[in-house]
Amino acid sequence: MTYLSTTCPLTGTLTIDGDKSISHRSVIFSGIASGTSTIKGLLLSEDVLATKAAMEAMGVIYTQQEDGSYVVEGVGVNGLSQPQQTLDMGNTGTGVRLLMGLVASHDFTTSFTGDKSLCSRPMGRVLTPLSQCGLEVISSADDYRLPITIKGSSTPAPITYTLPVASAQVKSAILLAGLNIAGTTTVIEPVATRDHTERMLTGLGATITSQKDPATGHHVIALKGKQPLTHANFEVPADPSSAAFLIVAALITEGSEVTIKNVCMNEGRTGLYTTLIEMGATITYHNERVCAGESIADITASYSQLHGIEVPAERAPSMIDEYPILGVAASVANGTTVMHGLEELKVKESNRLDATLNGLLACGVTAQAGEDTLTVTGGPIPGGCTITTHMDHRIAMSFLIAGLVSDSPIKVDDVTMIATSFPNFFSLLEQLSIRVNES
Ligand code: S3P
């Protein structure tokens, strides 16, 4: 069991781990670009390393330099070779879904597996559109769960696909398939999601357009396939989803002021920050700039008395990974916070709607969940409990942070999964003089 404690306000300026979404994509795009690319600031988490190992198994060579950056020998679009072993994707839904898209338009067979959490997550959402491109599902566990073996098509067809769920992973999987398909692959997004894939492909010289259809308000992303991608110098900014834990820690711990440097401010990622500001948080952005096609800023958060608000469903895609830590912030706010549009939380690394609700209830917080809502009423957090994390890194980190302000310790049963997304989490806590206790 692990729990946190602190005797002083949290103060400091931190440089944190690289963004997970951009890291997966940097590994994949550098691998299929033509020529030699470099990646700076790559997140060396278990999830990203699983994607890198999978790309290595398909022929890409990544070499780490003395300064920690990577040099990548890209094999070109259509240059990948059939992996000789099953690709074990560990815990990473992003990695496996993006790679299923990538291999769907390659004329070879690929087998994927993962850990218990990943094997319980739905893959039909990518396999359905990819089958329309010509992908064949050779075998899978029940209901398109891992382990799965798929065969890419030798004559893949471009598709036009309207996303039935707001998912950047599904959008990106289809676009990755489209890179090696002659003709134009089109994805229609009724609700916008993070657009790292589109931005990076634009930077690599792909023929890609993203426009809002004035009649429907939907985003229409069209990619011309069978075009080479240029090599590039990728720079990965800090992860706003990881920063969220430290920002909320500062907001709820009296007297604190913490700055996180170089955070990715992509509109599809900043919903939590908008929400916290609406709740009365003192959060400021400095040094705003654009780097490698993404907006970046340093974020400063100071202790604030928060108040409850309604968080609209439309905001969910831009903060989809942040509801567990928002639940913690709402637990100390004055009044009630109602979060809407949480359906997708049920298919994350755990059923995060249940895991967040049950964790809050175990801590003695007044909370209830509906089909796709979570309602939390703030007050002192009694704590004095052990949280079941269900192999979910964000549940573990959220409740560790809640323990900073609870009356009695909040212990979490398993912190090993934190390494899947935020390997430096504990060393950064130590930089803020937070004690990490084991019992
Ligand atoms: C991600 C998209 C989101 C998010 C995940 C990373 C991505 O998933 O939850 O952590 O990098 O595209 P969905 O696309 O399933 O919403």
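For clarity, every value in this text was computed on a predicted model and none was experimentally measured. Both ligands and their constituent atoms are indexed starting at 1 by order of listing.
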Look at the aromatic rings of Tyr70 and Tyr62 and report parallel, tilted or perpendicular, splitting at 30° and 60°.
perpendicular
What are the atoms of ligand 1, with element, lying closer than 4.0 Å to any heavy atom of Ala168?
12 (O), 14 (O)
Does the pair Lys348/Asp392 count as a salt bridge with the N-to-O cut at 4.0 Å?
no
Lys171/Glu189 ion pair, N-O < 4.0 Å
yes
Under 3.5 Å between any N/O of Gln169 and any N/O of ligand 1: does that happen in this structure?
yes
Heteroatom distance test (Ser167, ligand 1): nitrogen or oxygen, under 3.5 angstrom
yes
Can you tell me which residue and heavy atom of the protein come closest to atom 6 (C) of ligand 1, and the distance to 0.1 Å?
Thr94 OG1, 3.3 Å
Of all the atoms in ligand 1, which lie at a distance below 4.0 Å from a heavy atom belonging to Ser21?
1 (C), 6 (C), 7 (C), 11 (O)
To the nearest 0.1 Å, how far is atom 15 (O) of ligand 1 from its closest protein heavy atom, and which atom is that?
Lys348 NZ, 3.3 Å
Determine whether a donor-acceptor pair (N or O, by modelled atom type, separation under 3.5 Å) exists between the side chain of Thr388 and the backbone of His390.
no
Counting each atom of ligand 1 from 1 as listed, which ones have a heavy atom of Lys20 under 4.0 Å away?
10 (O)
In the protein, which heavy atom is nearest to atom 10 (O) of ligand 1, and how far is it?
Asp321 OD2, 2.8 Å
Between His196 and ligand 1, which part of the residue brings a heavy atom under 4.0 Å of the ligand: side chain, backbone, both or neither?
neither
Whether the side chain of Ser304 engages the backbone of Leu306 through a donor-acceptor N/O pair (distance < 3.5 Å, no angle test) should be reported.
no
Strictly distance-based, threshold 3.5 Å: is any side-chain N or O of Ser69 a donor or acceptor partner for the main-chain N or O of Gln65?
no
Are Lys346 and Asp372 ion-paired here, with the side-chain N under 4.0 Å from a carboxylate O?
no
Counting non-hydrogen protein atoms only, what is the nearest one to atom 12 (O) of ligand 1? Give residue, atom name and distance.
Arg25 NH2, 2.7 Å
